[in-house]
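Read the numbers this way: they start at 1 and go in the same order the structure lists the ligands and their atoms.
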Amino acid sequence: MTLYQPFLDSAIALLQKRLDLQPYPIPEGFESKSALVGKGKHQEEVLTTSTAFQSPKLRQIRAAHVQGGKSLQVLNFVIFPHLNYDLPFFGGDLVTLPGGHLIALDMQPLFRDDPEYQAKYTQPILPIFESYQQHLPWGGDFPEEARPFFSPAFLWTRPQENEVVETHVFAAFQDYLEAYLNFVDRAEPVTDPQSLADIEEAQLRYLRYRAEKDPARGMFKRFYGSEWTEEYIHGFLFDLERKMAQAGLKSVT
Ligand code: DBV
């Protein structure tokens, strides 16, 4: 029962077709992790696997895939551009819990309130967003503090049926990823020092928020323990600060 495996497979196929894709290192011990959860006949294996790539314009393309039976499936898929591009993040959080599905899909902006940025990276996505509204309506309740990190084309929906995920959400995921890769094709490196500083600040703001507020932290801690979880979050899922620190060390030695 792996609802999101076709999402991951199709994303990798598309990335391979469209980008000069290279592997991205996954720290040892984090490629795959499993635990037995629950008791007696409710016992389930919960398997978390990681996949990661990079390309000339994209610093890290990574997926965390949690498979824990019918009522626990997650695909968290994020693309972090290199710091010399003004590209948004591609953010997908596809979550299945006992209560139903929770779907978040967006080109997460570096500069949410800048009209020029919106014209460049949100307006082209709005027709795609609107084409899914009928089948994937707004999912309601949403943490207010997360709002600055999402665009007006944020697809946030809570379908009840697996079938909706397999059809409409699957199509939306592919459309958003295609549209993202079109932005990547056209992106030109930024060289202006002020713009570079703004991008770095925006990337760090996003990254720190996500690492600090990771909604999966509680779940991972329960399954795999606190030490593994914190290392997974800071050393792989949201690793920019680590990588910057390592690069800084290298340059002085
Ligand atoms: N979310 C992650 C990672 C996950 C993950 C790395 C690998 O960022 C899974 C796993 N998301 C995950 C799980 C839940 C959510 C929920 C397991 C359910 C948590 C629970 O109910 O116990 C978008 N994901 C959510 C929620 C949102 C998002 C808004 C609901 C949280 C809530 O209601 O409090 N994506 C998520 C988010 C940002 C984003 C908050 C912020 C920038 O990009």
Expected output: side-chain Arg217 to main-chain Ala211 donor-acceptor under 3.5 Å: yes

Main chain of Phe30, side chain of Ser50: is a donor-acceptor contact present, judged purely on distance under 3.5 Å? yes

Can you tell me how the ring of Trp138 sits relative to the ring of Phe154, calling it parallel under 30°, perpendicular over 60° and tilted otherwise? perpendicular

Aromatic centroids of Phe90 and Tyr176 separated by under 6.0 Å: no

Test: [X] and [Y] ion pair at under 4.0 Å:
{"X": "Arg242", "Y": "Glu231", "value": "yes"}
{"X": "Arg205", "Y": "Glu201", "value": "yes"}
{"X": "Arg62", "Y": "Asp239", "value": "no"}

Tell me whether ligand 1 is touched by Phe89 - counting only heavy atoms on the residue side and a distance under 4.0 Å. no

Just let me know how [X] lines up against ligand 1, side chain, backbone, both or neither, with a heavy-atom cut-off below 4.0 Å.
{"X": "Leu102", "value": "side chain"}
{"X": "Asp214", "value": "side chain"}
{"X": "Leu97", "value": "side chain"}

Proximity winner for atom 14 (C) of ligand 1, if only heavy atoms of Thr48, Val95, Leu94 are counted: Val95

For atom 7 (C) of ligand 1, tell me which residue out of Phe220, Phe149, Tyr209, Tyr206 has the closest non-hydrogen atom. Phe220

Nearest protein heavy atom with distance in Å, relative to [atom]:
{"atom": "atom 36 (C) of ligand 1", "answer": "Asp93 OD2, 3.6 Å"}
{"atom": "atom 40 (C) of ligand 1", "answer": "Pro215 CG, 4.3 Å"}
{"atom": "atom 10 (C) of ligand 1", "answer": "Ala216 CB, 3.4 Å"}
{"atom": "atom 29 (C) of ligand 1", "answer": "Phe142 CE1, 3.4 Å"}
{"atom": "atom 17 (C) of ligand 1", "answer": "Met219 SD, 3.8 Å"}
{"atom": "atom 34 (O) of ligand 1", "answer": "Pro143 CG, 3.9 Å"}
{"atom": "atom 38 (C) of ligand 1", "answer": "Phe150 CZ, 3.5 Å"}
{"atom": "atom 43 (O) of ligand 1", "answer": "Arg210 NH1, 2.8 Å"}

Need the ligand 1 atom indices (1-based, order shown) with element for anything under 4.0 Å from a heavy-atom of [X].
{"X": "Leu237", "answer": "6 (C)"}
{"X": "Ala64", "answer": "7 (C)"}
{"X": "Gln108", "answer": "42 (C), 43 (O)"}

For residues Thr48 and Tyr224, is any side-chain donor paired with an opposing acceptor at under 3.5 Å? yes

If only side-chain N and O atoms count, and only distance matters, is there a donor-acceptor pair under 3.5 Å linking Gln5 with Asp9? yes

Within this structure, what is the OG1-CG distance for the pair Thr191 and Leu196, rounded to the nearest 0.5 Å? 7.0 Å

Within the structure, does at least one protein heavy atom fall under 4.0 Å of atom 1 (N) of ligand 1? yes

Taking all non-hydrogen atoms of both residues, which atom of Ile199 and which atom of Leu83 are closest, and how far apart? CG2-O, 3.3 Å

